[in-house]
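Note sheet for the following structure.
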Amino acid sequence: MKKRFATMLLVLLTVASMLTGCGGGDTPPASGTPSQPSDSTGTQQPAGTPESGIAKESPMLQELVTAGTIPALADRLPAEEDIYVETAYSPQSETPVYGGTMRTPNIGMWYFGPIAEEPLFRMLDDGTVEPNVAKGYDLSDDGLVYTIHLREGMKWSDGTPFTAADCVYYYNYVLVTDVNNETGEVTKSNTTKYYNWYMSADPNDGDKLKPAQVRYVDDATFTITLYSPKPTLLQAICIDNKWMFCPKEWYKDIMAVNMDAPHWSGETDLKLIGGDGLSTVTEEQALANAKAKSDLYTFEDYTKLADQLGYRYWQYASRPTLRPRNITNALTEQTLLFERNPYYWKVDDQGRQLPYVDRIEYVTMDQGLYAQEIMAGNLDFCGVDNALFPTYKANEAAGCYNIKTMVSPNWTVFSLQLNQTYKDAQYAALFAEIDFRHALSIAVDRDEINNILFNGMNTPQQAAAPEGTAEYIEGATTKWIEFDVDEANRLLDGIDMISNDLNADGYRTFVDGNNAGKAVTLEIETRADSESEGPAVALLAQYYKEIGIQVVEVSNTNNDKLNEKYYSGDLVMAAYEGGTSIFSVMLRPDHLGANRTNICWVGKYGLEHQDNITPEPGTPMADIVDATIDLVKANTMEELQDAGDRLVRNHYENTWIIGFLNDSASRYAVNNRIHNWNEGFVICDELRFLGYGKPYTWFIQE
């Protein structure tokens, strides 16, 4: 697997050269991928004649057909030639069984969301993409126009047709609702999550970044037109806006829109941009209309509605989707129930409609109960913390489960991040001191932490690309990892803003300013539902006491709550991070660049912040921001590589993220009754975590 990561850059460069010669044909390509189709993709040919006696759909759906509640299977699937046939994950030695319920812990929306996610295109672990909801695309000779071909006859989970109108409406009225004509920047979005990766530089307008133009062609076709080439546009769609569609008829009265004003794109033919049939909806009307649909859609203000229903929609029952399973109860319930979609558009190589399992239950429970519940057979799969790995492993042989191992492209699994724009200016200035970060790094005994908390299973390492990956720099993984308390104290003694002497409690103090005389204190945020973060921060507190730095743990109820604090850009002083996964800095620089809102170390330098601030020119942080912008503006793979290299080099030189340990393995305990779980796949955000393992192909057999 390391070899595959290492060659990803070469693959992308090859893809770029191939794209320059792709003309717009009249017939969509069979695979839609710019490289040789992977043997793990779904095929586009119609399903063959199933073997005699093999059920083609779940009994629970057969009952609904018999009752007349839903149409027959043939009328629920796309046109025969456009059905997605899943081949690689179809079992070779056993016949899948329909039905049953899988149970797993509920660890938040970014766990249960990706498991059922169905993007327009899907990223592969070599950095290329494959068609998914889309069946293919063409690219114009100049690299500016992508023609996207959809699967004819596909339906939403409520049985209504899915068409190109749902894609262009989403982009033009939900994702983007206003554009600043002076700067070209998107100034308002119904989803509040518009990403700059859809922007391209207009060579006729001073290289001003402008959002793409998305236009309807027919029900199965739409176009994306750029101002300048963007060689990884499809990868950007896979990563940052993987769905890129919504049910227009369902949304049109709950998304605020002013139809009396000219559209931001300048287009007057409303059908081309999905605006036909729309009428003006105020924010107050949108709130009322949403509540009228369901009491589950009651929000205190429109911003919350747009964020929850416009972006995080998978948490809300009755919202039509293209996913294999949808939530059927309230998000506030102790157990969230996701049930199969009767109109799901994928089948296996015997023509059996997927998924095999009828339901997944996500159970809210204390993390300390996971091992007990998996051993008792009450959970079907859950992540395995390294700290508890021996417990899981010791009971594996006699238990009802096995440990499955996947691969994670981690830079670190235990790190400390200091917010460079923290609201207290003195602390922000201290965090900007490279000697302060250096001291914090070498004051920690990584081997001891590894043995105490992780049973020696991790590798002492700085936050850096591991050897064998594309971004590896010689010496980066070992920089500042040698345990040396004396040197750490010497470095701190050289920082003028803090004292060399310790107060009565044994801590250094600020020598002047608003914090004069106060102990230098790191408030480190953790997640209350994590078994390892609290003990890890307690150990850091012991190490940092030896260099006169006080540590206070700030525990949040869950990961979602911590992210809300991250989004402010200045509420979090420092954060413990249990995993920094970087698949490719060129494709997604989130952890290294200054773009996202929920990355602690960058703070309000993040370009997504509505009140983002600009770093002082000529500083290392200014270089981070500039390289992030250059990634957005890049027209060639060479420009992308250069900007990505600058980000990696900047982190090597400045260690913005202080890493302590790393591990490339991601482990799950899986009940033996769960079949077709393939080990070894890459598990990371870009590939959508467990979703890359195609859970719709898992089945239950006792």
Side-chain angles (χ1 to χ4, degrees), residues 12-13 15-25 28-29 32-34 119-121 123 127-129 131 134 136-150 164 167-176 178-181 183-186 189 194-217 221-242 244-245 263-267 272-274 586-589 595 607 628-641 643-644:
L12 286 172
L13 288 168
V15 169
S17 65
M18 294 173 69
L19 288 181
T20 59
C22 293
T33 59
L120 193 68
F121 293 91
M123 177 86 75
T128 60
V129 302
Y137 73 95
D138 296 319
L139 179 60
S140 62
D141 291 336
D142 59 8
L144 298 181
V145 181
Y146 288 79
T147 301
I148 311 298
H149 304 281
L150 303 178
C167 300
V168 297
Y169 163 74
Y170 170 79
Y171 181 85
N172 288 299
Y173 289 95
V174 179
L175 183 65
V176 185
D178 197 12
V179 177
N180 186 317
N181 290 327
T183 65
E185 294 290 334
V186 174
S189 164
Y194 184 83
Y195 296 105
N196 278 335
W197 312 111
Y198 294 95
M199 310 287 275
S200 57
D202 183 354
N204 299 315
D205 197 6
D207 289 335
K208 183 187 299 179
L209 290 175
K210 293 184 178 180
Q213 301 285 318
V214 177
R215 296 291 185 269
Y216 173 90
V217 177
T221 315
F222 70 95
T223 59
I224 303 172
T225 302
L226 305 170
Y227 288 91
S228 54
K230 200 171 188 67
T232 56
L233 175 70
L234 295 183
Q235 282 86 349
I237 291 175
C238 289
I239 294 172
D240 284 331
N241 195 26
K242 61 285 297 180
M244 200 174 172
F245 43 76
H263 191 264
W264 62 267
S265 68
E267 181 61 65
L272 291 180
I273 54 176
M586 288 193 303
L587 298 182
R588 195 176 203 186
N595 53 319
L607 298 173
T628 305
I629 294 173
D630 288 344
L631 270 177
V632 178
K633 297 175 65 173
N635 297 149
T636 66
M637 289 301 301
E638 289 73 19
E639 291 172 348
L640 280 168
Q641 182 179 352

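Contact detail for L144 and P229: the closest heavy-atom pair is CD2-N, 3.4 Å.
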Report the C-alpha separation of W264 and N172 in whole Å, then their side-chain angles, then the decisive distance to 0.1 Å, and conclude whether the side-chain contact (heavy atoms from CB on, under 4.5 Å) test is met. CA-CA 8 Å; W264 62 267; N172 288 299; 3.5 Å; yes

Working for side chain to side chain donor-acceptor pair (under 3.5 Å), residues D138 and Y146: CA-CA 6 Å; D138 296 319; Y146 288 79; over 6 Å; no

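Considering only residues two or more places apart in sequence or on other chains, Y216 meets the side-chain hydrogen bond (donor to acceptor under 3.5 Å, both in side chains) condition with D219. Every side-chain contact (heavy atoms from CB on, under 4.5 Å) that C167 has, sequence neighbours left out, goes to L150, F162, F222, F245. For T221, the side-chain hydrogen bond (donor to acceptor under 3.5 Å, both in side chains) criterion is met by D218, not counting sequence neighbours. A search for salt bridge (charged side-chain N to carboxylate O under 4.0 Å, His left out) contacts involving E639 returns nothing, not counting sequence neighbours. A search for salt bridge (charged side-chain N to carboxylate O under 4.0 Å, His left out) contacts involving D205 returns K208, K210, not counting sequence neighbours. With sequence neighbours excluded, the residues that form a side-chain hydrogen bond (donor to acceptor under 3.5 Å, both in side chains) with N595 are D590.
A heavy-atom distance below 4.5 Å is not found between the side chains of F121 and Q235. With contacts defined as side-chain heavy-atom distances shorter than 4.5 Å, the pair V145/T225 qualifies. The side-chain heavy atoms of K230 and M199, taken from C-beta on, include no pair separated by under 4.5 Å.
Screening V129, L139, I224, I239 for a side-chain contact (heavy atoms from CB on, under 4.5 Å) with L234, the sole residue that qualifies is V129.
Remark: the backbone N or O of K633 is paired with a side-chain donor or acceptor of N635 at under 3.5 angstrom.
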